[in-house]
Protein chains: 2
Amino acid sequence: MSTISYKDKKVISIGVVSELTGLSERQIRYYEERQLIHPDRTKGRTRMYSFSDVELLVEIANKIEDGLQTYEIRKINESQKEQKTISKEKLREEIRGQLNVRFGLMNRNESKFK
Amino acid sequence: MSTISYKDKKVISIGVVSELTGLSERQIRYYEERQLIHPDRTKGRTRMYSFSDVELLVEIANKIEDGLQTYEIRKINESQKEQKTISKEKLREEIRGQLNVRFGLMNRNESKFK
DNA sequence: CAATAATGTAAGATAATCTAACATAACTTA
DNA sequence: TAAGTTATGTTAGATTATCTTACATTATTG
């Protein structure tokens with residue numbers, strides 16, 4: 001659990017993100033202002049993005065092209081995040097169920113939510 | 001074939017690489033000078049590295065710690081690269097063999113080496 | 001029409017990187 | 001042992017990249 005892959009490591013600065021996405025730096029910073037994206041910062045305050053962020057930005061760009069407004073996109077993204085959490089929890093339950101069937105286990109060490 | 005994953009995309013600048021590897025920028029540039037590593041460059045001549053490069057640098061650092069010299073490490077890396085090419089070719093042959101067994105095919109379109 | 005949204009652009013400041021050079025300690029080698 | 005080589009540090013000056021803030025503009029929306 002919680003193994004952080006390369007995809008989620010925030011190691012890319014804004015110039016490269018701009019090239020990868022085709023968005024201007026102005027746009028990328030603006031989407032942050034509208035809370036669609038959340039880069040890390042270095043000590044020097046340089047924004048750092050992950051490949052996941054790049055993917056997200058491309059999705060954002062598509063939605064903008066479709067005429068959506070930033071606050072709508074934020075809502076969508078937030079509800080998707082919820083969705084993901086839920087389905088992860090469901091997956092966990094499923095797995096737990098299967099383990100119980102196979103080994104007849106009760107939940108031991110780990111508390112139900114973590 | 002030749003799908004380039006995030007791992008091989010050269011999007012990381014030297015400061016971050018330094019943090020990820022624990023090596024000084026001086027060391028990283030020196031290993032380039034000794035041809036152990038081959039970053040891309042932006043138009044502005046900023047060096048750009050991939051996660052694979054980061055992994056390679058960690059291996060290099062370990063070998064240096066073991067007392068190897070850069071030219072020895074380069075030889076090792078080069079022969080490993082050869083090795084990889086060979087084993088990939090072997091894998092290809094194996095697969096080809098299996099396909100032939102299953103479907104009775106001869107090599108059609110693709111020339112033997114590419 | 002007045003406000004908001006999305007984006008461009010410019011200016012000045014700061015951070016990050018580059019190259020080149022000099023220094024040095026630890027090895028090698030002739 | 002003297003002279004070169006290796007690996008690394010450090011410094012300096014130049015250049016590139018990024019940051020923030022502000023002002024401008026066009027389109028959209030209430």
Side-chain angles (χ1 to χ4, degrees), chain A residues 9-78, chain B residues 9-78:
Chain A
K9 277 229 155 194
K10 307 230 178 191
V11 296
I12 315 176
S13 59
I14 199 166
V16 175
V17 173
S18 173
E19 288 203 346
L20 292 177
T21 61
L23 296 168
S24 71
E25 299 185 8
R26 181 67 167 93
Q27 288 174 303
I28 296 167
R29 293 193 191 103
Y30 180 66
Y31 300 152
E32 177 183 0
E33 188 184 323
R34 304 316 307 272
Q35 316 213 49
L36 302 184
I37 191 97
H38 305 284
D40 280 358
R41 296 285 189 126
T42 65
K43 340 204 162 204
R45 315 220 33 73
T46 298
R47 273 168 265 251
M48 301 301 292
Y49 304 85
S50 67
F51 282 114
S52 294
D53 291 331
V54 170
E55 289 186 2
L56 183 52
L57 280 167
V58 170
E59 287 175 34
I60 290 166
N62 289 334
K63 285 171 187 158
I64 293 270
E65 257 192 286
D66 293 349
L68 296 210
Q69 283 184 281
T70 53
Y71 87 98
E72 305 178 277
I73 298 172
R74 184 178 61 230
K75 292 239 178 82
I76 292 171
N77 287 352
E78 277 166 6
Chain B
K9 277 229 155 194
K10 307 229 177 189
V11 296
I12 314 175
S13 59
I14 198 167
V16 175
V17 172
S18 172
E19 287 202 348
L20 292 177
T21 60
L23 297 168
S24 70
E25 300 185 8
R26 182 69 168 91
Q27 286 175 303
I28 296 167
R29 293 195 191 100
Y30 180 67
Y31 300 153
E32 177 184 0
E33 188 185 323
R34 303 316 306 272
Q35 315 212 51
L36 302 184
I37 191 97
H38 305 284
D40 281 357
R41 295 287 188 123
T42 67
K43 339 201 165 211
R45 313 218 38 71
T46 299
R47 273 168 264 250
M48 301 301 292
Y49 304 85
S50 66
F51 282 113
S52 293
D53 291 331
V54 170
E55 289 185 3
L56 183 52
L57 280 167
V58 170
E59 287 175 35
I60 290 167
N62 289 334
K63 284 170 187 158
I64 294 270
E65 257 192 285
D66 293 348
L68 296 210
Q69 284 184 280
T70 52
Y71 86 97
E72 305 177 278
I73 297 173
R74 183 177 63 228
K75 292 241 177 80
I76 291 171
N77 287 351
E78 277 165 8

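Protein chains get the first letters and strands the later ones, always in sequence-line order, with residue 1 at the start of each.
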Between [X] ([atom1]) and [N] ([atom2]), how many Å, whole number?
X     : N     : atom1 : atom2 : value
B/L68 : D/dA7 : CG    : C1'   : 14 Å
A/L23 : C/dA6 : CG    : P     : 13 Å
A/R34 : C/dT7 : CZ    : P     : 11 Å
B/E33 : D/dT8 : CD    : P     : 12 Å
A/D66 : C/dA6 : CG    : P     : 14 Å

Single hit among A/Q27, A/R47, A/H38 for side-chain hydrogen bond (donor to acceptor under 3.5 Å, both in side chains) with A/E32: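 Considering A/Q27, A/R47, A/H38, a side-chain hydrogen bond (donor to acceptor under 3.5 Å, both in side chains) with A/E32 is found only for A/R47.
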Applying side-chain hydrogen bond (donor to acceptor under 3.5 Å, both in side chains) between A/K10 and each of A/D40, A/D53, A/T42, report the one that passes.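 It is A/D53; the other options fail the test.
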When you check the gap from the basic side-chain N to the acidic O, do A/R29 and A/E33 get nearer than 4.0 Å?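 So A/R29 does not pair with A/E33 through a salt bridge.
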So does [X] get a side-chain nitrogen or oxygen closer than 4.0 Å to the phosphate oxygens (OP1/OP2) of [N]?
X     : N     : value
B/T70 : D/dT6 : no
B/Y31 : D/dT8 : yes
A/Y30 : C/dA6 : yes

Close N or O pairs between protein and nucleotides 15-19 of chain C (under 3.5 Å):
from, atom 1, to, atom 2, distance (Å)
C/dA16, OP1, A/T42, OG1, 3.1
C/dT17, OP1, B/S13, OG, 2.7
C/dT17, OP1, B/G15, N, 3.1
C/dT17, OP2, B/G15, N, 3.4
C/dC18, OP1, B/R47, N, 2.6
C/dC18, OP1, B/R47, NE, 3.1
C/dC18, OP2, B/R29, NE, 3.2
C/dC18, OP2, B/R29, NH2, 2.9
C/dT19, OP1, B/R41, NH1, 3.0
C/dT19, OP1, B/R41, NH2, 3.2
C/dT19, OP2, B/R47, NH2, 2.2

Testing B/L56, B/T21, B/I28 one by one against B/Y49 for a side chain to side chain contact (heavy atoms under 4.5 Å, CB included), which residue passes?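 For B/Y49, the side chain to side chain contact (heavy atoms under 4.5 Å, CB included) test succeeds with only one of B/L56, B/T21, B/I28, which is B/I28.
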Report, as a single string ordered 5' to 3', how protein heavy atoms within less than 4.0 Å touch nucleotides 22-30 of chain D: B base, S sugar-phosphate only, - not at all. ---------
Hey, does the side chain of B/R74 reach the backbone of B/Q35 with a donor-acceptor pair shorter than 3.5 angstrom?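 Between the backbone of B/Q35 and the side chain of B/R74 there is no qualifying donor-acceptor contact (under 3.5 Å).
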Which value, rounded to the nearest 0.5 Å, describes the distance between [X] atom [atom1] and [Y] atom [atom2]?
X     : Y     : atom1 : atom2 : value
B/L36 : B/E72 : CG    : CD    : 11.0 Å
A/I73 : A/E78 : CD1   : CD    : 12.0 Å
A/Y31 : A/I64 : OH    : CD1   : 4.0 Å

Look for any protein N or O under 3.5 Å of an N or O in nucleotides 2-4 of chain C and output each such pair with its distance, or none.
none

Give the angle between the helix axes at the two ends of the helix from C/dC1-D/dG30 to C/dA30-D/dT1, taking five base pairs at each end and rounding to 10°.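 The end-segment axes of the helix from C/dC1-D/dG30 to C/dA30-D/dT1 are tilted 20° relative to each other.
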With the side chain counted from C-beta on, respond yes when B/I60 and B/L57 share a heavy-atom pair under 4.5 Å apart, and no when they do not.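 In contact.
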Table please: side-chain donor-acceptor pairs of residues 11-20 of chain A below 3.5 Å, with sequence neighbours left out.
from, atom 1, to, atom 2, distance (Å)
A/S18, OG, A/L23, O, 2.6

By salt bridge (Lys or Arg N to Asp or Glu O under 4.0 Å) - contacts of B/E55 (at least two apart):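 Partners of B/E55 under the salt bridge (Lys or Arg N to Asp or Glu O under 4.0 Å) test: B/K7.
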